[in-house]
S.K.: 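The structure that follows is given in the form of structure tokens.
Every number for a ligand or one of its atoms is a count from 1 in the order of the listing.
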Amino acid sequence: MADPRETPAMQQYYRFKKRHPGCVLFFRIGDFYEMFDDDAVLVSKAIGLTLTQRTAGVPMCGVPHHQLETYLKKLIDKSFRVAVCEQIEPAESAKGLVARAVTRVLTPGTLVDGSLLEDATPLKLAAILFTGSGEDSPAEIAVVDASTGQFTLASASGVNHGQSIIDELMRRSVRELLYAAPADNSVPPRVKRCLDALGISGTPRAAWQFRTQEAREALVEHFKVKSLAGFGVRDDDAAIPAAGAIVRYLAETQTAAAGDAEAQVGVANGIIPKSTLAHLRPPTREHPGDWMTIDAVSLRALEVERVIRAAPGAMDAGLEGSLLGVFLTGPAGNGSGGSGGGVCKTAMGKRLLREWLCRPSRSLKVIESRHAAVAALKEDRRLAGELRDLLADVPDAARIAGRIALGRATPRDLVAIARGLARAPSIAALLDGIASLKPLHARLASPANELRPVATHILDACVEEPPPHLREGGLIKDGIDKELDEARRLQTDAGHWLVEYQERLLKEHSLPGLKVGYNKIFGYYIELTAAQARSAPAAFTRKQTLKNAERYITPELHEFERKVSTAESRALSREREIFEELSASIASRLTEVATIADALGELDVLLGFAEHAARAGWVRPEMTDANVLTIHDGRHPVLERTLGRDFVPNDVEVGSRDEETERQRDGVERAKMSSSDTSSLRHSVSPSLSLITGPNMAGKSTFIRQVALITLLAHAGSFVPAARATIGLTDRIFTRIGADDALHAGQSTFMVEMTETANILHHASPRSLVILDEIGRGTSTLDGLSLAWAITEHLAAVGCRTLFATHYHELTDLADRGETDPHDPLAGRIKNLHVAVREWPLDAHAEEGAASETQIIFLHRILPGKTDQSYGIHVARLAGLPQGVIGRAREVLASLAVHHGPATGAVVEPVPGAAASGDSEGSKKKPRVPTTRVEQPGGQMGLFTEFVQHPAVDALRELKIENLSPLQAFDELRKLKDAAASKP
Ligand code: ADP
Ligand code: MG
């Protein structure tokens with residue numbers, strides 16, 4: 001028997017299979033897409049298709065052609081790449097083997113079809129080129145949204161073992177990464193690191209595509225320019241190799257037919273649509289200084305895009321409760337939750353909103369123009385209402401434009417985009433005359449007016465409710481096109497003709513049971529009952545035999561059938577032609593369409609901001625260039641939605657708006673000042689770091705997150721939940737917030753905590769906002785406290801605005817820095833805040849011994865000053881710990897309590913080191929407990945107190961080193977050692 005893999009069709013199959021390595025090949029045979037061999041086995045298992053055999057020994061599975069998109073989606077969701085191979089000539093006209101061609105390649109980062117995409121979620125493709133050789137080497141990145149054609153070039157520093165690159169790719173929703181394949185075809189470790197961290201697909205590409213010369217050629221050829229300078233991209237821009245590689249990849253996967261002579265036949269035959277990359281916009285270069293950086297850890301901790309503990313499941317899982325969810329879901333509790341009820345109306349607006357929140361602006365000009373627009377829209381509710389109504393059914397013009405270029409638009413796409421474009425001029429007109437909306441108006445008005453006739457023409461030609469695809473026609477109205485009308489008339493007339501024909505036959509022959517009919521498989525027929533079949537006239541040719549009847553055809557009926565079916569296909573192909581003409585009228589104006597889509601998306605977000613600000617009472621923040629952050633009656637943007645009036649607003653003030661102080665802070669003035677002046681300086685320095693102490697569950701974490709979220713919102717262009725806010729431009733927001741163990745499987749919590757903190761300490765600038773929640777919890781108390789102490793000092797010295805919520809109330813002593821030493825560089829830089837609680841006796845008649853039995857009420861109110869208790873035992877009691885355990889804990893606490901006298905306040909630098917060494921020596925040694933201290937039970941060490949009053953320390957403090965000879969110094973050292981050995 002011949003090898004089943006040697007048939008011409010299978011040979012053709014393997015040819016395509018070889019040309020698209022790494023892809024599952026969907027091979028069109030008649031009404032099915034078939035897969036063979038390994039593909040068939042793999043796919044049938046992955047998405048549950050029935051595995052059959054084509055011929056013995058060749059596994060096969062297939063999907064019906066009209067369900068292609070459904071199955072593609074399933075495969076793409078499982079990270080498959082798929083090449084779709086079509087028949088490019090009508091099977092009936094083929095001589096021998098039907099010609100086929102791969103017409104598109106679907107990859108995880110290049111999806112464009114509406115059925116494969118989520119409206120509110122951007123999906124991007126990136127190409128990366130590392131520009132150094134080390135672990136931390138920077139990278140150049142080109143990013144494309146294949147669905148809208150947006151194209152950007154960016155650089156990432158690579159610091160933190162490449163984490164900054166991973167963050168950059170994550171913030172941009174990159175789902176597939178192209179890289180230059182090394183000679184041995186391995187995945188380079190730095191690329192692998194990105195792929196693993198993000199869980200995205202990597203696609204190796206030939207290394208030559210990343211060579212500058214070749215890459216530039218791809219770009220200038222695609223954009224038909226001599227130089228990229230016109231796009232604001234220098235000809236020696238370091239990202240050009242990545243950009244060129246990405247353009248080649250898009251051309252190869254998205255316009256597979258374009259470079260393929262065979263496929264051109266399909267285009268010529270009108271069987272496959274023409275696809276181009278006309279929607280790909282010229283690249284724009286981004287500069288790191290344009291954006292506020294929020295690293296991946298902080299985005300997650302602040303729950304910007306989704307909540308940390310999201311229920312697994314739907315794509316939307318975790319949106320509710322996130323910052324993004326504030327704008328994209330309906331208000332909680334009124335039943336309109338879910339992604340439908342948000343304040344953003346368009347798909348473009350939803351995607352842009354996510355971009356603005358994940359990458360807020362750092363340009364005062366940009367931010368203020370957004371705020372001004374929001375203010376105008378919040379002010380003029382009628383205008384906002386009209387605009388929102390107009391936007392409500394503006395479709396995803398950005399993505400539809402992409403599909404039109406790629407030849408993948410549906411009839412519904414065409415009508416939807418025309419409808420959207422037809423609305424644009426009225427939207428533009430409404431924006432006219434309002435100062436802060438002028439820039440938007442300027443961008444929108446002229447392209448909108450230019451495209452109005454195009455849109456009207458389409459709407460005039462098409463029915464109002466178009467079919468989902470063109471397979472059966474029905475898009476173009478009657479009376480638009482003569483040829484189409486004629487072809488259609490033939491079809492409708494057919495009905496009459498058949499009736500007449502049947503009557504004629506009945507008259508001509510006396511066969512009373514005669515019927516003329518039609519069925520899909522056998523076409524037209526004349527039917528006689530079995531009894532009458534014997535007297536069938538000679539002109540009747542038998543076609544089919546049924547149980548009780550016979551079916552016939554006549555030459556006349558045959559001729560009729562031919563005419564009808566050509567009329568039908570003529571109508572269909574005429575409709576397709578008109579559809580393509582109409583699509584082309586948009587395809588030739590893609591630049592204008594993109595401008596309109598961008599402007600409408602932006603308007604949508606601004607309207608959303610205004611709408612939410614009006615509903616929730618948010619205010620316009622004052623933006624400044626100074627290092628300041630002042631918020632009055634600030635609220636948590638998410639929690640206030642659930643708590644409403646029960647949410648307790650809070651103030652914050654860190655940093656200084658006064659430039660004079662700023663300069664002094666830089667140390668320029670400080671050096672010139674006499675010591676008598678420094679006390680006044682101490683008061684003029686505004687603290688940049690606030691320590692927040694208070695009991696568990698008091699609201700510390702909520703407070704510091706809300707400050708970060710308000711800062712973020714302001715930079716994104718939104719109003720903020722506060723009564724008043726002044727916010728200085730911020731280059732980065734860093735957060736270190738209690739690690740969620742599940743998220744960091746495999747790493748110890750403490751390790752994660754320290755890695756994140758290291759990142760902050762290395763990269764926080766005086767312009768940054770740092771939010772720390774409970775540093776040092778994951779290790780022993782002494783270690784943790786020492787680290788927290790040193791970290792606080794470091795951040796206070798950097799001068800970045802910092803909020804540090806801590807359960808180490810010992811840290812609050814840091815606020816006294818400078819009291820004894822006015823030259824202390826940290827003088828006045830640190831202040832204390834605490835969360836107020838109200839306490840009262842649980843039982844008024846309790847006996848003396850039980851006096852500490854109090855109940856606490858959390859007021860969630862942040863006040864100046866420190867707490868000296870953590871109330872952990874109260875919380876434990878609330879949580880239902882047994883009464884006996886609670887009682888015992890109180891006893892132990894009372895005996896452990898470390899006394900905070902004024903002496904401790906004076907202790908600064910030496911202490912953390914001493915404490916740490918005390919710990920490393922091992923705490924089994926009998927500790928030296930200062931006599932003035934509260935008795936330490938069970939041989940416990942006093943935390944920060946034990947070395948403080950030792951005579952050796954005092955002597956050390958008084959020692960004047962500059963007067964000592966080396967010999968004397970040695971002598972002093974010996975004395976100190978002796979003293980240290982003795983008990984104080
Ligand atoms: P902490 O970090 O001090 O342990 P959290 O910030 O986690 O406390 O707050 C505990 C709970 O208290 C929150 O879940 C919230 O329900 C409530 N809460 C916090 N801040 C406020 C506030 N300002 N107004 C009302 N309730 C609040
Ligand atoms: Mg907390």
S.K.: Write out the residue and atom name of the closest protein heavy atom to atom 26 (N) of ligand 1, then the distance separating them to 0.1 Å.
M.R.: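 Result: H860 CD2, 3.2 Å.
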S.K.: Hey, looking at atom 23 (N) of ligand 1, which of V648, T642, I737 has the closest heavy atom?
M.R.: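 Of the listed residues, V648 has the closest heavy atom.
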S.K.: Looking only at distances, can you tell me whether any N or O atom of A698, backbone or side chain, sits closer than 3.5 Å to an N or O atom of ligand 1?
M.R.: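 N/O-N/O distance under 3.5 Å: yes.
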S.K.: Counting heavy atoms only, name the option from R645, E640, H636, M697 that's nearest to atom 11 (C) of ligand 1.
M.R.: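 It is M697 that holds the nearest heavy atom.
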S.K.: When you measure from the side chain of R732 to the backbone of D295, do you find a donor-acceptor pair of N or O atoms at a distance under 3.5 Å?
M.R.: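 A pair under 3.5 Å: no.
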S.K.: Just say parallel, tilted or perpendicular for the rings of W618 and F327, cut-offs at 30° and 60°.
M.R.: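 If you compare the ring of W618 with that of F327, the planes turn out perpendicular.
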S.K.: With heavy atoms under 4.0 Å as the rule, classify the contact between P695 and ligand 1 as side chain, backbone, both or neither.
M.R.: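 Backbone only.
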S.K.: Would you call R801-E653 a salt bridge at under 4.0 Å N-O?
M.R.: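 No.
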S.K.: With a cut-off of 2.8 Å, does any N, O or S atom of M697 fall short of it relative to the Mg ion (ligand 2)?
M.R.: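 Checking M697: none of its N, O or S atoms is under 2.8 Å.
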S.K.: Would you mind listing which atoms of ligand 1 come within a distance below 4.0 Å of any non-hydrogen atom of L643?
M.R.: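 Within the 4.0 Å cut-off of L643, ligand 1 contributes 25 (C), 26 (N).
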S.K.: For atom 6 (O) of ligand 1, which protein heavy atom lies nearest, and how many Å away is it?
M.R.: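 The closest heavy atom on the protein side is T702 OG1, 2.6 Å.
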S.K.: Quick one: does S164's side chain have a donor or acceptor within less than 3.5 Å of a partner on V159's backbone?
M.R.: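 Yes; judged by distance alone, with no hydrogens or angles, the pair exists.
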S.K.: For atom 15 (C) of ligand 1, which candidate among I862, L639, D773 holds the nearest heavy atom?
M.R.: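 Nearest heavy atom to atom 15 (C) of ligand 1 lies in L639.
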S.K.: Starting from atom 2 (O) of ligand 1, locate the nearest protein heavy atom and write down its residue, its atom name and how far away it is, to 0.1 Å.
M.R.: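 Looking at atom 2 (O) of ligand 1, the protein heavy atom closest to it is S701 OG, 2.7 Å.
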S.K.: In the structure I gave you, are the side-chain heavy atoms of H371 and I367 within less than 4.5 Å of one another anywhere?
M.R.: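 In short, these two side chains touch, coming nearer than 4.5 Å.
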S.K.: If you count the atoms of ligand 1 from 1 in the order shown, which ones are under 4.0 Å from a heavy atom of G699?
M.R.: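 Atoms satisfying the 4.0 Å criterion: 1 (P), 3 (O), 5 (P), 6 (O), 8 (O), 9 (O), 19 (C), 20 (N).
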S.K.: So, 4.0 Å and heavy atoms of G694: is ligand 1 close enough to count as a contact?
M.R.: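 Heavy atoms of G694 never come under 4.0 Å of ligand 1.
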S.K.: How many angstroms lie between atom CD1 of I830 and atom CG of D816, to the nearest 0.5 angstrom?
M.R.: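 Rounded to the nearest 0.5 Å, the CD1-CG separation comes out at 10.0 Å.
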S.K.: When you check the gap from the basic side-chain N to the acidic O, do E355 and R171 get nearer than 4.0 Å?
M.R.: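 Looking at R171 together with E355, the answer is no, because their closest N to O distance does not fall below 4.0 Å.
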S.K.: Please determine which of L691, D813, L811 meets the side-chain contact (heavy atoms from CB on, under 4.5 Å) test together with K866.
M.R.: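 Of the listed options, the one satisfying the test is D813.
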